Amino acid sequence: MTVPSFTHQQASHCESGVMSALLRHYGLPISEAMAFGLSSALCFAYLPFVRLSGLPLVSYRMPPRAIVRGLQKPLGFRMCSERFRSPEEGIARLDRLLDDGRLVGLQASVFWLPYMPPDFRFHFNAHNLLVYGRDEASGEYLVSDPVLEDPQRCAPVDMAKARFARGALAPKGLIYYPAGMPSEPDWERAARAAIRKTTRIMLRTPLPLIGVRGIEWLARAVERLPTAADTARAKQYVGHIVRMQEEIGTGGGGFRYMYAAFLEEVAPLCKRPALVGLGAELVDIGDRWREFALATARMIRDRDPLDVRRLASLLRALATRERVFFVALDKAAR
Amino acid sequence: MYARGADGKLALTPSRGWEVEEIVTLQAVKACDELAETARQRAKAGQASTLEYHMHRARMDVALLSQASGIWRWRVRWHLRPRVFARLSPALRQRYAAALGIDVARLDALD
């Protein structure tokens, strides 16, 4: 049995967790928050024309693969990605890479991964995990899933199904692995570029559905939910907004806490102490997101009457605060 | 999740989520289960095919089942009728079973 010396570490978000583990294995110990921040993965997007089982796409981060791609430039290395037309090809390629002793990241559907707890098994295709070896006797893959506490095993049949699931964001067997060695970046430049990319997206995306304005648009959509005839549907809708900022998978508060950890960590490296204070401010904003979540959950459980106006005003307050915050962050990173 | 540790620094602390998350997750799970249960009742009463039940049990909808099986959406919808489904060819049944991840024989069962 060939198991390279890989140590599993739990993270809170799949993609940043995978990349941080991958980089750590290849000699550049970087925290999950750092991987998240350096690739400018924080965002807000409300895309009503993309429907997930009838509900609009609400996202608190950049689209899948942004972290994998975004780390290449600051860390000066390339990631090789491959997709496959047929499952057979994809399985053979993964097995060959593993036999070479490589650590391979891959995209899979959560629904078909048997080790996932049943309550998490929705048809979400953009989950990321690491495979670090194969049990030669049973052929099972040795899996390091960053959202779980312990390493897992997964039978080849199930893995094939998960990797070649179809539907929105179909993984098509995507695998990725580093080519070349990542190197310690010029922190000052890399951090500034990453932060300014985030503030640009949050403040100045031409499309009003993305960034701070996206939160305002979402507030308006929440306010207009029909509640007279059908409260169940409105509850589904607001519950969905909260589910997207979940604790396991984002570090809570819609990734705001994780980004705050990044700011705190990067401040001494790029000699900008002001970032520590901004990190504290962002933690507070994360707390406000949790307050919104709590208010929503109480309404879903009928502890409070459903009041879409109040939820909308909470969202608007969040938008205002985030706007002030990102303007300040933009200045601090200049 | 990320929280302030004893040293005042933000760090990853183990968390199994909080109550709010559980509420919204269970809300979504319950919505799926309800759809499956309604479909089961409808299938029992002969108003829908067992395919409708298995589709919802796999937490899918028509759009997703169509993409997963490679069968056009209107055809999937057509196959949700019990009389149409009863006459389905073995090849199509095989495709549905594969897309849903169950045995062909179980397509007819309401377990």
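Bear in mind that the values here come from a model prediction, so they are computed numbers and not experimental data. Below, read A as the first sequence line, B as the second, and so on, with proteins coming before strands; counting in each chain starts at 1.
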>> I'd like to know which of A:A232, A:G279, A:G239 tops the heavy-atom pair count under 4.5 Å against chain B.
In response: A:G239
> Out of B:S66, B:C32, B:A58, which one racks up the most heavy-atom pairs below 4.5 Å with chain A?
Replying inline: B:A58
> To the nearest 0.5 Å, how far apart are CZ in B:R40 and CZ in B:R57?
Replying inline: 9.5 Å
> Considering only heavy atoms, which portion of A:F164 lies under 4.5 Å from any heavy atom of chain B: side chain, backbone, both, or neither?
Replying inline: neither
>> Checking A:D145 against A:H8: is there a side-chain donor and acceptor pair closer than 3.5 Å?
In response: no
>> Please classify the contact of A:E32 with chain B as side chain, backbone, both or neither, using a heavy-atom distance under 4.5 Å.
In response: both
> Hey, is the main chain of B:L88 close enough, under 3.5 Å, to the side chain of B:R93 for a donor-acceptor pair?
Replying inline: no
> Is A:D158 salt-bridged to A:R163, going by a charged N under 4.0 Å from an acidic O?
Replying inline: no
>> With ring-ring contact (aromatic ring centres under 6.0 Å, His included) as the test, pick out the partner of A:H13 among A:Y259, A:Y257, A:F255.
In response: A:F255
> Does any heavy atom of chain B fall under 4.5 Å from the side chain of A:R243, the backbone, both, or neither of them?
Replying inline: both
> For the atom pair CD1 (A:I300) and CD (A:Q236), what is the distance rounded to the nearest 0.5 Å?
Replying inline: 8.0 Å
>> Heavy-atom cut-off 4.5 Å, strictly under: side chain, backbone, both or neither for A:R298 against chain B?
In response: neither
>> Looking at chain B, which one of A:K235, A:R166, A:R121 has the largest number of heavy-atom pairs inside 4.5 Å, strictly under?
In response: A:R166
>> Against the six-membered ring of B:Y53, is B:R42 placed for a cation-pi contact (under 6.0 Å from the centre, within 45° of the normal)?
In response: no
> Taking every heavy-atom pair that is under 4.5 Å apart, which of A:A260, A:G167, A:A280 has the most such pairs with chain B?
Replying inline: A:G167
>> Need one label for B:L65: side chain, backbone, both or neither, based on atoms under 4.5 Å from any heavy atom in chain A.
In response: neither
> For A:V276, is it the side chain, the backbone, both, or neither that has a heavy atom closer than 4.5 Å to a heavy atom of chain B?
Replying inline: neither
>> Does any backbone or side-chain atom of A:A170 lie under 4.5 Å from a heavy atom of chain B? Answer side chain, backbone, both or neither.
In response: neither
> Is it the side chain or the backbone of A:L294 that comes within 4.5 Å of chain B heavy atoms, both, or neither?
Replying inline: both
> How many angstroms lie between CG in A:L275 and CZ in A:F262, if you round to the nearest 0.5 Å?
Replying inline: 8.0 Å
